[in-house]
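Letters go in sequence order (proteins before strands), and every chain restarts at 1.
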Amino acid sequence: MTEKEELESMCKRRGYIWQSSEIYGGEAGFYDYGHLGSQLLDNWKREWKNYFLSLDDNYHLIQTPNIHPYRVLDASGHVDHFSDVMVRCEQCGSSFRGDHLIEEETGESAEWMDKEEIGGKIKELGLSCPDCGGPFSDPEDFNMMFGLDLGPTGEKKGFLRPETAQSVYINFRREFRALRKKMPLGLATIGSAFRNEISPRQGVFRMREFRQAEMQIFFVPEIHEEIFEERYEMIKDTKVKVKRVDQDEAVEIKLGEIEDLPPFYLYHLGKMYEFYTKVMGLSFEEVRFRELSEDEKAFYNKIHFDLEIDLDTLGGWEEISGLHYRSDYDLKQHQEESNTKLSIPTEEGRKIPHVIELSFGVDRNVWALLDRGFKNGDRTWLDLPVKLTPRQVAVFPLVRKDGLPEKSRDIYESLNRDFRAHWEKSGSIGKRYARNDEVGTRYCVTVDYDTMEDDSVTIRDIETTEQIRVPVNDLTMILRRLIEREKSFEQYMEEQD
RNA sequence: GCGGCUGUGGUCUAGACUGGUUAGGACCCAAGCUUCCCAAGCUUGUGGCCCGGGUUCAAAUCCCGGCAGCCGCACCA
């Protein structure tokens with residue numbers, strides 16, 4: 001089996017993640033998280049919130065519906081731009097994007113054209129199927145958004161949102177007032193988004209329903225730049241790995257050495273990098289930022305880097321998150337379409353705030369954790385940071401007799417109040433270690449015959465399989481220190497020698 | 001969405017070409033025995049031919065349709 005198959009098998013067998021509706025044969029583009037996956041997902045969200053909301057006093061979380069009325073997505077440009085005009089070859093059945101066919105022929109952009117215009121232009125140019133030369137059918141709209149009829153008459157139209165960002169923009173005005181007009185203002189949200197992908201593949205990387213965690217930061221560049229500059233100064237020696245659009249390889253560089261990007265952008269780039277190395281526990285080498293070319297990036301993004309992680313299961317660097325400078329495009333659009341003033345008063349008159357967006361694919365982040373953590377050599381184990389892992393500690397009896405199971409159960413119950421704990425007694429001790437290695441249980445506490453004598457237990461570290469012996473009374477304190485990284489397992493080991 | 005390949009207990013698979021005993025194995029899981037630290041062993045047990053239709057005395061096996069997965073193309077503002 002390939003690495004990917006091994007990991008998928010583990011995820012199904014042990015309760016992380018699998019295809020949705022599987023007893024009915026499944027449906028492409030939908031996945032369910034089991035008891036472990038769901039816990040990992042929750043933990044990731046919690047750590048994400050802890051990290052990004054604490055970047056500034058004025059960064060906050062909001063919660064919004066998955067459904068937008070038609071006008072929101074019309075204003076944002078999704079009704080026009082998120083759809084493509086497709087034409088189908090009547091002879092061989094292949095389908096193509098109409099605007100692309102025209103662009104190839106004329107060399108000019110045809111993205112602005114609607115269904116009728118594209119149909120007319122194709123006839124005018126006498127285009128035929130590039131595959132077989134057959135004639136084209138009439139063009140049809142294909143929109144990546146799931147449309148909805150709202151209410152009993154079905155006359156009101158809406159969509160499942162294709163991104164969470166718009167939910168935040170339409171709440172800017174309310175929150176700006178509620179938060180007493182302080183700027184910069186950061187509004188984060190974690191929620192689901194929906195895209196009717198033509199052919200979803202690559203597991204959780206292209207789903208029809210997926211989760212996003214986004215931090216939208218509103219600011220007026222010429223006024224608030226200073227604030228970010230100060231923060232940037234503090235981290236400008238931070239090293240990151242960046243692949244610019246004109247480079248073949250990512251290079252290691254200090255933030256301060258990147259001269260053509262504004263401090264507010266570099267500051268957040270540095271902070272995102274830090275999230276991946278410090279919170280998600282990835283090594284510097286496994287993460288990079290890649291700048292998107294003009295062709296790749298959306299027209300409203302002035303600066304766009306994707307954060308990519310080198311994944312074994314997907315064969316290389318994959319987009320996990322993004323940092324987008326969206327300028328004032330979004331608020332301007334909504335101001336115009338809603339006839340609501342979204343500019344803010346400044347000493348230099350009213351200004352429409354700009355947005356820098358920190359955007360994270362939650363499912364992709366979770367999969368990246370599983371991919372990078374999955375070790376399948378001599379021993380199979382899952383290396384998840386202790387703050388993120390679904391099981392922080394497991395408690396076992398060494399053997400199933402002489403009161404050890406009961407003792408271990410007592411210890412488990414006391415630990416379960418403070419940690420994500422687990423208890424089991426079936427099989428042999430080795431088997432229990434192996435089972436817990438596979439799902440990423442960080443520490444295994446074993447009750448043995450010494451425990452019955454002197455009330456001490458062993459703690460085993462998943463990474464090294466080494467053990468330390470500690471008093472039961474100190475267990476909670478020691479585990480807490482290990483989890484909070486106040487003291488490392490190695491330090492405890494040294495103390496014992 | 002197009003083309004190719006594939007679909008057997010929870011997982012991985014044998015069987016299919018050449019239709020015919022009770023669909024076999026390994027691992028996992030559960031219960032028990034055993035066991036003083038890294039998937040030991042023994043006993044017992046649960047559980048399966050992707051779905052629907054057709055051909056046939058008889059279908060996991062052949063045919064048609066659907067669904068899903070993988071690969072290629074296309075798509076991924």
Worksheet item: Below 4.0 angstrom, N of the basic side chain to O of the carboxylate: do A:Arg432 and A:Glu424 qualify?
Response: no
Fill in: Side-chain N,O (A:Lys401) to OP1/OP2 (B:U35) below 4.0 Å
yes
Worksheet item: How would you list, by chain and number, every residue that makes a side-chain hydrogen bond (donor to acceptor under 3.5 Å, both in side chains) with A:Tyr276, sequence neighbours excluded?
Response: A:Ser321, A:Asn365
Worksheet item: How far does the C1' atom of B:G19 sit from the matching atom of B:U55, given to the nearest Å?
Response: 11 Å
Worksheet, complete the sentence: Note: for A:Phe82 and A:Gly430 on RNA chain B, the residue whose nearest nucleotide lies more 5' is A:Gly430
Worksheet item: Taking atom NZ of A:Lys332 as the centre, does the number of heavy atoms from other residues, nucleotides or ligands within less than 6.0 Å exceed 12?
Response: no
Are any protein N/O atoms closer than 3.5 Å to N/O atoms in nucleotides 29-31 of chain B? If there are, list each pair with its distance.
unit_1, atom_1, unit_2, atom_2, d
B:C29, OP1, A:Arg435, NH1, 2.5

Discussion item. Checking side-chain polar atoms at under 3.5 Å, does A:Thr164 have a donor or acceptor matched by the opposite partner on A:Glu214?
Written reply: yes
Fill in: Ring geometry between A:Phe489 and A:Tyr443 (parallel below 30°, tilted from 30 to 60°, perpendicular above 60°)
parallel
Just the table, please: protein N/O against nucleotides 4-12 of chain B N/O, every pair under 3.5 Å.
unit_1, atom_1, unit_2, atom_2, d
B:U11, O2', A:Ser9, OG, 2.9

Discussion item. Applying side-chain hydrogen bond (donor to acceptor under 3.5 Å, both in side chains) to A:Tyr16 and A:Ser38, what does each step give before you reach the verdict?
Written reply: CA-CA 7 Å; A:Tyr16 270 103; A:Ser38 180; over 6 Å; no
Fill in: Electrostatic pair A:Asp402:A:Lys407 at N-O distance under 4.0 angstrom
no
Worksheet item: Is there a residue in residues 293-312 of chain A whose heavy atoms reach under 4.0 Å of RNA chain B, and which residues are they?
Response: A:Ala298, A:Tyr300
Discussion item. Does A:Arg460 reach a base, just sugar-phosphate, or nothing at all? Heavy atoms under 4.0 Å.
Written reply: base
Discussion item. One thing to verify: whether A:Arg372 and A:Asp312 come together as a salt bridge, which I'm taking to mean a side-chain N less than 4.0 angstrom from a carboxylate O.
Written reply: yes
Discussion item. Rounded to whole Å, how long is the line connecting atom CZ of A:Arg195 with atom C1' of B:C76?
Written reply: 8 Å
Discussion item. Measuring to OP1 and OP2 of B:A74, would you say a side-chain N or O of A:His100 lies under 4.0 angstrom away?
Written reply: no
Item to complete: Quickly work out the A:Glu6 CD to B:U13 C1' distance and round it to whole Å.
Response: 14 Å
Worksheet item: Is A:Glu319 touching bases, backbone alone, or none of the nucleic acid, heavy atoms closer than 4.0 Å?
Response: nothing
Worksheet item: Taking the six-membered ring of A:Trp423, is the NZ or CZ of A:Arg409 close enough (under 6.0 Å from the centre) and on axis enough (within 45°)?
Response: yes
Fill in: Axial cation check for A:Tyr492 ring with A:Lys487, 6.0 Å and 45° limits
yes
Worksheet item: A:Tyr449 or A:Lys4: which one's nearest nucleotide on RNA chain B is closer to the 5' end?
Response: A:Tyr449
Discussion item. Taking B:A68 as the reference, what is the distance to B:C50 when you measure between their C1' atoms (whole Å, please)?
Written reply: 8 Å
Worksheet item: Which value, in whole Å, describes the distance between the C1' atoms of nucleotides B:A58 and B:G54?
Response: 15 Å
For nucleotides 64-68 of chain B, tabulate all protein N/O to nucleotide N/O atom pairs closer than 3.5 Å, reporting atom names and distance.
unit_1, atom_1, unit_2, atom_2, d
B:A68, OP1, A:Glu27, OE2, 3.2
B:A68, O4', A:Gly25, O, 3.2
B:A68, O3', A:Gln19, NE2, 2.8
B:A68, O2', A:Gln19, OE1, 3.4

Item to complete: Can you sort out the partners of A:Thr465 under side-chain contact (heavy atoms from CB on, under 4.5 Å), two or more places apart, ordered by chain and number?
Response: A:Arg379, A:Arg460
Fill in: Sidechain N-carboxylate O distance under 4.0 Å for A:Arg435, A:Glu438
no
